[in-house]
Amino acid sequence: DIQMTQSPSSLSASVGDRVTITCRASQGISNYLAWYQQKPGKAPKLLIYAASTLQSGVPSRFSGSGSGTDFTLTISSLQPEDVATYYCQKYNITPWTFGQGTKVEIK
Amino acid sequence: QLQLQESGPGLVKPSETLSLTCTVSGGSISSSSYYWGWIRQPPGKGLEWIGSMYYSGSTYYSPSLKSRVTISVDTSKNQFSLKLSSVTAADTGVYYCAITGTGVLATHSWGQGALVTVSS
């Protein structure tokens, strides 16, 4: 099975900072990569699918890039409401594996 | 827009079967080309994909859970269900039902989650 590795596992940044989270697949997955945001006690929320397509209603400060094995989620200007854990997920073929998550906090 | 709601026992005894139901509102489960699936999250840990059923009836399960998992759909009730047999404490967590689109569309709709504790 394909493994998904996220880095870092956690980060602390200031409001307004540019934040980057990476996700690496152990084999190529084309662009079948999604990013989710999960706030404490809540269900995950889809931010980006197909590696770079912004889900409807998601702020434009979120963006995704990559293809094949290496992917990036970028928050262009971190806001207090972005405090959450972020997960990548590959969905080219089953099992649809998640990364281990990246916890984002405000410094 | 489709909405999902999980229901089922919050406490299950070890070795027994965990059963959860997801009720779909806002549309018909039988007329939508979606994958209907389940994802879980142990306390304080990350997300784990359990499995999904395509609207045509094909099922796909996590290799680590495949021997214990069954996902089924009841179109008459607009519901789909999860059964996980022979549970242990390691199966404790929040269980989410979710809808995944076809092609490059990802898992775009989630239920609010149901906490299931495995304990005697």
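By convention in this document, chain letters (A, B, ...) are assigned in the order of the sequence lines, proteins followed by strands, and residues within each chain are numbered from 1.
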TODO: Say whether B/I39 and B/L115 are linked into one hydrophobic cluster, either directly or through other cluster members, by side-chain heavy-atom distances under 4.5 angstrom.
DONE: yes
- [ ] Would you kindly confirm whether A/L46 and A/V104 end up in one hydrophobic cluster when ILVMFWY residues are joined by side chain heavy atoms under 4.5 Å apart?
- [x] no
Task: disulfide (SG to SG under 2.5 Å) contacts touching residues 30-80 of chain A (sequence neighbours left out) - done: none
- [ ] Locate the shortest heavy-atom distance separating B/A89 from B/V118; write the atom from each residue and the value.
- [x] N-CG1, 3.9 Å
Open item on the list: So for A/P40, is it side chain, backbone, both, or neither that comes closer than 4.5 Å to the heavy atoms of chain B?
Closed with: neither
TODO: Return each pair, listed once, that meets ring-ring contact (aromatic ring centres under 6.0 Å, His included) where at least one residue sits in residues 1-23 of chain B; pairs must be two or more places apart or across chains.
DONE: none
Is there any N or O donor on one of chain A and chain B with an acceptor on the other under 3.5 Å, and could you list each such pair with its distance?
{"residue": "A/Y36", "atom": "OH", "partner": "B/T107", "partner atom": "N", "Å": "3.2"}
{"residue": "A/Q38", "atom": "OE1", "partner": "B/Q41", "partner atom": "NE2", "Å": "2.9"}
{"residue": "A/Q38", "atom": "NE2", "partner": "B/Q41", "partner atom": "OE1", "Å": "2.8"}
{"residue": "A/Q38", "atom": "NE2", "partner": "B/Y96", "partner atom": "OH", "Å": "3.2"}
{"residue": "A/K42", "atom": "O", "partner": "B/Y96", "partner atom": "OH", "Å": "3.3"}
{"residue": "A/Y87", "atom": "OH", "partner": "B/Q41", "partner atom": "NE2", "Å": "3.3"}
{"residue": "A/Y91", "atom": "OH", "partner": "B/V104", "partner atom": "O", "Å": "2.3"}

Solution key, residues 14-21 of chain A side-chain donor-acceptor pairs under 3.5 Å, sequence neighbours excluded:
{"residue": "A/D17", "atom": "OD2", "partner": "A/S14", "partner atom": "N", "Å": "2.9"}

Open item on the list: I need the residue from A/G101, A/A43, A/A51 with the largest number of non-hydrogen atom pairs under 4.5 Å to chain B.
Closed with: A/A43
- [ ] Determine whether A/F71 and A/T22 make a side-chain contact, defined as any pair of heavy atoms from C-beta on separated by less than 4.5 Å.
- [x] no
Open item on the list: Below 4.5 Å, heavy-atom pairs only: which of B/P63, B/G101, B/G111, B/A98 has the largest tally toward chain A?
Closed with: B/P63
